[in-house]
Q: 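Attaching a single structure in structure tokens format; questions to follow.
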There are 2 protein chains.
Amino acid sequence: MTDARKVLQALGDATRRDMVERLTDTAMSVSALAAPYDMTLTAVGQHLAILEAAGLVKTEKIGRVRSCSLNSAGLDVLDAWTRALRSTWERRLDALGDVLDEK
Amino acid sequence: MTDARKVLQALGDATRRDMVERLTDTAMSVSALAAPYDMTLTAVGQHLAILEAAGLVKTEKIGRVRSCSLNSAGLDVLDAWTRALRSTWERRLDALGDVLDEK
DNA sequence: TCCATATTCAAGTTTAAACTTCACTATATT
DNA sequence: AATATAGTGAAGTTTAAACTTGAATATGGA
């Protein structure tokens with residue numbers, strides 16, 4: 001569900017990156033999350049939906065306020081992606097080293 | 001120079017992500033890199049410049065062909081970014097736990 | 001030398017993502 | 001009950017990123 005594609009696409013935007021960073025410090029409502037940005041609540045809600053779909057943010061609506069907090073699942077997916085890249089990359093470098101050793 | 005902002009913005013695009021993935025398998029020329037995509041060489045060159053500026057790809061021009069390969073510096077920056085997020089996040093959860101313990 | 005190949009540059013176009021407006025629902029407060 | 005608060009939905013606009021065109025440059029091969 002939360003693939004690397006969604007996570008990286010979500011974090012490609014400066015506002016969403018900032019939102020994630022702020023949510024690591026403290027959970028907050030949609031309005032509080034929106035406060036620092038020069039954009040409408042609607043726009044912030046749209047960003048939030050993208051972050052949630054990517055598994056980077058978890059939200060829970062209690063009464064009329066929705067509380068937003070970090071979801072580490074998205075970061076897990078991101079780490080898995082980079083680890084996979086690194087392992088192919090290192091395996092390749094090793095193979096290259098072996099070829100050079102044979103000379 | 002290679003900040004997380006540039007890396008995440010670079011990896012936000014599907015084509016660039018695919019390029020990085022392909023370059024972990026093998027280094028190749030700009031033309032070879034461009035081959036699978038339904039776009040001009042110019043466009044691929046533009047993507048390449050963004051990846052290079054982000055520290056995700058290294059290139060070297062030998063004669064008239066530019067060889068492109070993965071640059072792990074970009075991945076290092078990405079890892080550092082996620083690790084920083086996780087540490088603030090975990091510190092926060094610990095502090096929250098302490099407050100609950102006091103009851 | 002002549003032509004093909006590999007890439008790059010500057011400038012314009014297109015498209016998708018970000019953002020807005022305005023109306024609406026649901027919950028809280030007086 | 002009336003009003004304010006918090007957020008959501010649908011539909012349109014704006015803008016920045018992706019992409020193209022039509023050159024030019026530089027290297028390699030016949």
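Letters go in sequence order (proteins before strands), and every chain restarts at 1. Everything numeric in this text was worked out from a predicted model, so none of it was measured.
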Q: Tell me: CG of B:L41 to C1' of D:dA24, nearest whole Å?
A: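 About 15 Å, once rounded to whole Å.
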Q: Picking from D:dA6, C:dA18, C:dT8, which would you name as closest to the side chain of A:V65?
A: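 Ranking D:dA6, C:dA18, C:dT8 by closest atom to the A:V65 side chain puts D:dA6 first.
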Q: Let me have the donor-acceptor pairs involving side chains of residues 43-56 of chain A, under 3.5 Å, with sequence neighbours excluded, atom names and distances please.
A:
residue	atom	partner	partner atom	Å
A:H47	ND1	A:R16	NH1	3.1
A:E52	OE2	A:T59	OG1	2.9

Q: Using atom CG of A:D13 as one end and atom C1' of D:dA17 as the other, report the distance to the nearest whole Å.
A: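 Result: 12 Å.
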Q: State plainly whether the residues B:R86 and B:D79 are in salt-bridge range, i.e. N to O under 4.0 Å.
A: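 The answer is no: the pair does not qualify as a salt bridge.
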Q: Measure from the side-chain heavy atoms of A:A43 and tell me the nearest of C:dA11, C:dT20, C:dA18.
A: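 Of C:dA11, C:dT20, C:dA18, C:dT20 is nearest to the side chain of A:A43.
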Q: Take atom NE2 of B:H47 and atom C1' of D:dA17, then tell me their distance rounded to the nearest Å.
A: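 Those two atoms, NE2 and C1', are 9 Å apart.
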Q: Show the distances under 3.5 angstrom between N or O atoms of the protein and N or O atoms of nucleotides 23-30 of chain C.
A:
residue	atom	partner	partner atom	Å
C:dT27	O2	A:R64	NH1	3.1

Q: Between B:M39 (CE) and D:dC19 (P), how many Å, whole number?
A: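 Rounding to the nearest Å, CE of B:M39 and P of D:dC19 are 4 Å apart.
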Q: Rounded to whole Å, how long is the line connecting atom CG of B:L33 with atom P of C:dA6?
A: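 So the two atoms are 14 Å apart, to the nearest Å.
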Q: According to a strict under-4.0 Å criterion, is B:T40 in side-chain N/O contact with OP1 or OP2 of D:dT20?
A: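 Checking D:dT20 against B:T40, a side-chain N or O does come within under 4.0 Å of OP1 or OP2.
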Q: Whole angstrom is fine here: how far is it from CD in A:Q46 over to P in C:dA17?
A: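 The answer, rounded to whole Å, is 13 Å.
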Q: Output the rounded distance in Å from CG (A:D38) to P (C:dC19).
A: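 Nearest whole value for this atom pair: 10 Å.
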Q: Compare the minimum distances between each of D:dA18, C:dT8, D:dT8 and the side chain of A:R66, then state the nucleotide with the smallest one.
A: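 Side chain of A:R66 sits closest to D:dT8.
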